[in-house]
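Presented below is the structure to which this report refers.
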Amino acid sequence: MRTHPRSRAVRFPGGLSLRLDPRALTVVVLLLLAALAAGLALIGTGDARIPVADVVRTLAGNGNAYQHFIVHELRLPRVLVGLLVGASLGLGGALFQSVSRNPLGSPDVLGLSQGATAGALVVIVLMSGSAAEVTLGALIGGLVTGLAIYLLAWKQGVHGYRLVLVGIGVSAVVTAVNGYLLTKADLVDAARAVVWMTGSLDGRDWDQVWPLLGLCAVLLPLVLTYGRGLRMLEMGDDTAGALGVPVQRVRLILMVSAVLLTAAATAAAGPVSFVALTAPQLARRLTRSPGPNLVASLCMGAALLVTADWASQRVFGAGRLPVGVVTGVLGGGYLLWLLVTERRAGRI
């Protein structure tokens, strides 16, 4: 495996070592600061605006009762959900793109977001379920779609382009199913479903924060543990197997983790589009580092989503847009640019 010339090995007691790239580390720190700054600005944004300095004082426990209610009960949960959803989508997108070895291998393209949407629509249209039941339906829909893609793509293992092609086919089928479900819904349920399908952070509270935070706390260490095997998989299955990597086991664990992250993020905020596609590519261009750039993609996803939510409230004023609309517009432009770039390079 080729080592990046700028990377440095850091050794810890007990024989543990970690290889760091100073540029990548700098990018991660800057992205974390950008996500934090956007989050603080977002907490202070709304009908009742609060200066950032007062937001910081309130978070430290020094605000008045009015500021405490606005910050802790209304806006902080929304920002935390945005950060966690963006981080989950960024990390999930990086995993899928690395496993498939394709910059288009994201949950949006592979149909996982559409599968989670189908699960939510079943609960809304056929069961008139509560918000908690819609969340559970979206999670189950994403997991079932991920399992279907994996099984259909399996042929003596799962390989990159087969995974992408099967995912595109499943996405088309599930999208048709979603359209059919909408035609069978009454007016109230259809309006509710369309709002959910847009992707929004409106009304998010602590009930969405804790499950997503718990899932990220479990999956992030697991994914980082298999990060070295993922880098080797990018060199090809034969090379990775020759270096002692259990190829199919590593791929299965990482794909399951990516599906869980994507499904949970979609369940929490709806199908927020293009964050999973753009975050890993932007992170790689900033770090200029080989490999999956998992931590940088995670931070980029969090910063992108919170910044998009802030922009949706500040730019459009009283006619504010759901964050899914903003990410869709920006991500669609990025996708067109990526397709043109890949074609000029002769890769598609």
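In what follows, every heavy atom counts, from backbone to side chain, and hydrogens, waters and symmetry copies are set aside. If you're wondering where the values come from, they're calculated on a predicted model, not measured in any experiment.
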Is any side-chain heavy atom of Leu182 closer than 4.5 Å to one of Met197? yes

Answer yes or no: is there a side-chain heavy-atom contact under 4.5 Å between Thr145 and Val170? yes

Within-4.5 Å side-chain heavy-atom neighbours: Leu59 and His72: yes

Using side-chain heavy atoms (C-beta onward) and a distance below 4.5 Å, is Leu222 in contact with Leu219? yes

Start with the C-alpha gap between Trp196 and Thr266, add the side-chain angles, then the distance that decides, and say whether side chain to side chain contact (heavy atoms under 4.5 Å, CB included) holds. CA-CA 10 Å; Trp196 189 91; Thr266 305; 3.9 Å; yes

When rounded to the nearest 0.5 angstrom, what distance separates CG in Leu230 from OG1 in Thr225? 12.5 Å

Hydrogens and angles aside, do Thr287 and Asn293 bring a side-chain donor and acceptor to less than 3.5 Å of each other? yes

Exam field: side chain Ser98 to backbone Leu95, donor-acceptor pair closer than 3.5 Å: no

Over all atoms of both residues, closest heavy-atom pair of Gly328 and Ser273: CA-OG, 3.3 Å

For a quick test of reading the model, state the closest non-hydrogen atom pair linking Gln97 to Ser106 and the distance between them. NE2-CB, 4.1 Å

Dump the intermediate steps for side chain to side chain contact (heavy atoms under 4.5 Å, CB included) on Gln208 and Val85, then the final yes or no. CA-CA 10 Å; Gln208 284 83 36; Val85 167; over 6 Å; no

Note: Arg78-Asp205 ion pair, threshold 4.0 Å (strictly below): no

Not counting sequence neighbours, which residues clear side chain to side chain contact (heavy atoms under 4.5 Å, CB included) with Leu224? List them please. Leu220, Leu294, Val295

Please tell me if the side chains of Ile149 and Leu112 come closer than 4.5 Å, counting only heavy atoms from C-beta onward. yes

Should the heavy atoms of other residues, nucleotides or ligands under 6.0 Å from CH2 of Trp206 be counted, would the total exceed 12? yes

Which value, rounded to the nearest 0.5 Å, describes the distance between Ile43 atom CD1 and Ile50 atom CD1? 9.0 Å

For Asn178 and Gln114 the tightest heavy-atom approach is ND2-O, 3.3 Å

Is Arg284 reaching over with its side chain to a backbone N or O of Leu282, donor-acceptor style, under 3.5 angstrom? no

Nearest-0.5 Å distance, CG of residue Leu30 to OG1 of residue Thr26: 6.5 Å

Is it the case that more than 12 heavy atoms not belonging to Leu151 sit under 6.0 Å from its CG atom? yes

Distance-only donor-acceptor hits, side chain of residues 255-263, under 3.5 Å, sequence neighbours excluded:
| from | atom 1 | to | atom 2 | distance (Å) |
| --- | --- | --- | --- | --- |
| Ser257 | OG | Ile253 | O | 2.9 |
| Thr262 | OG1 | Ala258 | O | 2.9 |

Any luck finding a side-chain donor-acceptor pair between Thr45 and Gln313 under 3.5 Å? no

